[in-house]
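Note on naming: letters A, B, ... go to the chains in the order of the sequence lines (proteins, then strands), and numbering restarts at 1 for each one.
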There are 2 protein chains.
Amino acid sequence: MTGKPRTNNLVERVVTRLGADIRGGRLGPGARLPTEQDLTASMRVSRTVVREAVAALRADGLIVTRRGSGAYVADPAASPFRIAAPRAAALGEILDVMELRLAVEVEAAALAAERATRKQIAAIRTALRGIDRALRGGDGAVAEDFAFHCAIAEATGNRQFPRFLAFLGNHVIPRQSVRLSVDTPAERRTYLERIQHEHGRIVAGISAEDPAEARRAMHEHLTRSLERYRSLARRSVDD
Amino acid sequence: MTGKPRTNNLVERVVTRLGADIRGGRLGPGARLPTEQDLTASMRVSRTVVREAVAALRADGLIVTRRGSGAYVADPAASPFRIAAPRAAALGEILDVMELRLAVEVEAAALAAERATRKQIAAIRTALRGIDRALRGGDGAVAEDFAFHCAIAEATGNRQFPRFLAFLGNHVIPRQSVRLSVDTPAERRTYLERIQHEHGRIVAGISAEDPAEARRAMHEHLTRSLERYRSLARRSVDD
DNA sequence: CTAATAAAGTTGTCTGACAACTTCTTCGAC
DNA sequence: GTCGAAGAAGTTGTCAGACAACTTTATTAG
């Protein structure tokens, strides 16, 4: 099974080998990797190659290195999702990613309706009240809105959902999420109230353990949000 | 703005700098990076450091290197999504990721129903026939099944969907996807026929431009698939 | 037994060199 | 003048050795 190397690139070979050891579970989280010296000996390559391979694995979040100590397998929880941050942030690209987010969140709402514990539902309600409070304070409630969606993702019981959302929240929706394109205070107020109404409907669906309703509510909520972005995109492409 | 280095790690500094140039759009796709020699000079570090930084960026999919030619900014389309492949492949983790996949694919089906061009629908139909052909040949049709789902993702017109799927397809469903836990030929035949029937219903929904039906069909299809995995997981945790 | 010190081990960085490959330049044949 | 081949220059890939910075372990004095 050793076979001929498929690639001429030595670094890649080392990366493949070490990566397989880690992903395959032969090296568990926290385990210490062989020293660079051992690797140069066992794989018959120079230390340069080993170090570049280590640099690559570190970039992938698979390992961490500690000077004077060694290289260790990183905690899997630390880097589950890695989405290359949208580059040069073309607005169209962002919209595409948001659509993906919609897909995930809609299903998250349904799963939350099926599986949420009492505690998780309480957390969602708390997040909803947090938005209320921020709105009353005249704030945009961007962070609170995000926390609300995260609470729902948590309630799926599937850790991949909150991870996915956490990443997107940090990278694709950095500046604005709720407040947008609404100018007059009256308009703004109406707008925010409707958002909260939508949020309430989502929570109701989840609380009632009604996946279909939760799904529908979340879908409408995010579709409207996306539509607002889209119209904004058509009007002006500012930054 | 030069300031003191925030980190003692030289490699990280170079990675941050180059990464910012790329993500910030100062270096567009296909653009050639400065040579290693230039970088050692301009950043005042050894070639070792530069090379490790380059290795890291390459691991992140931001650049590609060509021996004798130089390093170039990678096409963003090539590596948008990077999900650390499920490590040590805990079956539960795989199920979680599959659930995420379900979320994405369900919405993909709906979007495809809304937006698919005639050509894209034809491609989906071709993929479906491809499964048929493979099944008649007594094959498991794993690759063909995956191609079918990819065709639907393509038909969303949103490039993020096929990318997401392409990644998951390569890393989380490597060995098996359709054939599973069915033993007797008769059982197997019935099972595969039902799968194809489900596929047909999805295609019908998309062709009819009926997002709701496409969504429903895809949801049922993947839910059943997931359920089979789940029961398999309960029974035996082999590898 | 404890704490300070020394020693060994490990990663981080630098330097120099050569091989392998690509790209550009030059020059000759036609 | 055009085309093609040979050569030169430039660039990445790999190797080797060395020292610095830091961590861990072992040793020793109290």
Nearest of [options] to any side-chain atom of [X]?
| X | options | result |
| --- | --- | --- |
| B:Arg67 | D:dG13, C:dG12, D:dT11 | D:dG13 |
| A:Gln37 | C:dG12, C:dT10, D:dC15 | C:dT10 |
| B:Arg32 | C:dT13, D:dT11, C:dG12 | D:dT11 |
| A:Val11 | D:dT24, D:dT14, C:dC14 | D:dT14 |
| A:Thr35 | C:dT23, D:dT11, C:dT10 | C:dT10 |

Next item on the list: Name the nucleic acid region contacted by A:Thr65, choosing base, sugar-phosphate or nothing; use a 4.0 angstrom heavy-atom cut-off, strictly under.
Entry: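 Sugar-phosphate only.
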Note to self: What contact category does A:Arg66 fall into here, base, sugar-phosphate, or nothing, at under 4.0 angstrom with non-hydrogen atoms?
What the structure shows: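 Here A:Arg66 touches the backbone only, sparing every base.
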Next item on the list: Using only side-chain N and O atoms of B:Asn9, determine if any of them is under 4.0 Å from OP1 or OP2 of C:dT13.
Entry: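 True: B:Asn9 side-chain N/O within range (under 4.0 Å) of C:dT13 OP1/OP2.
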Check: If only side-chain N and O atoms of A:Ser46 are considered, is one of them under 4.0 Å from the OP1 or OP2 phosphate oxygen of D:dC15?
Finding: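 Yes, within the criterion.
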Next item on the list: Could you identify which residues of residues 49-58 of chain B place a heavy atom less than 4.0 Å from some atom of DNA chain D, listed by residue number, or say none?
Entry: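 Per residue number, the list reads B:Arg51, B:Arg58.
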Next item on the list: Record whether the side chain of B:Arg47 comes under 3.5 Å of the base of D:dT14 through a donor-acceptor pair of N or O atoms.
Entry: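 Yes, the side chain and the base share a sub-3.5 Å donor-acceptor pair.
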Checklist line | Sidechain N-carboxylate O distance under 4.0 Å for B:Glu99, A:Arg115 | finding: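 Looking at B:Glu99 and A:Arg115, the cut-off is met.
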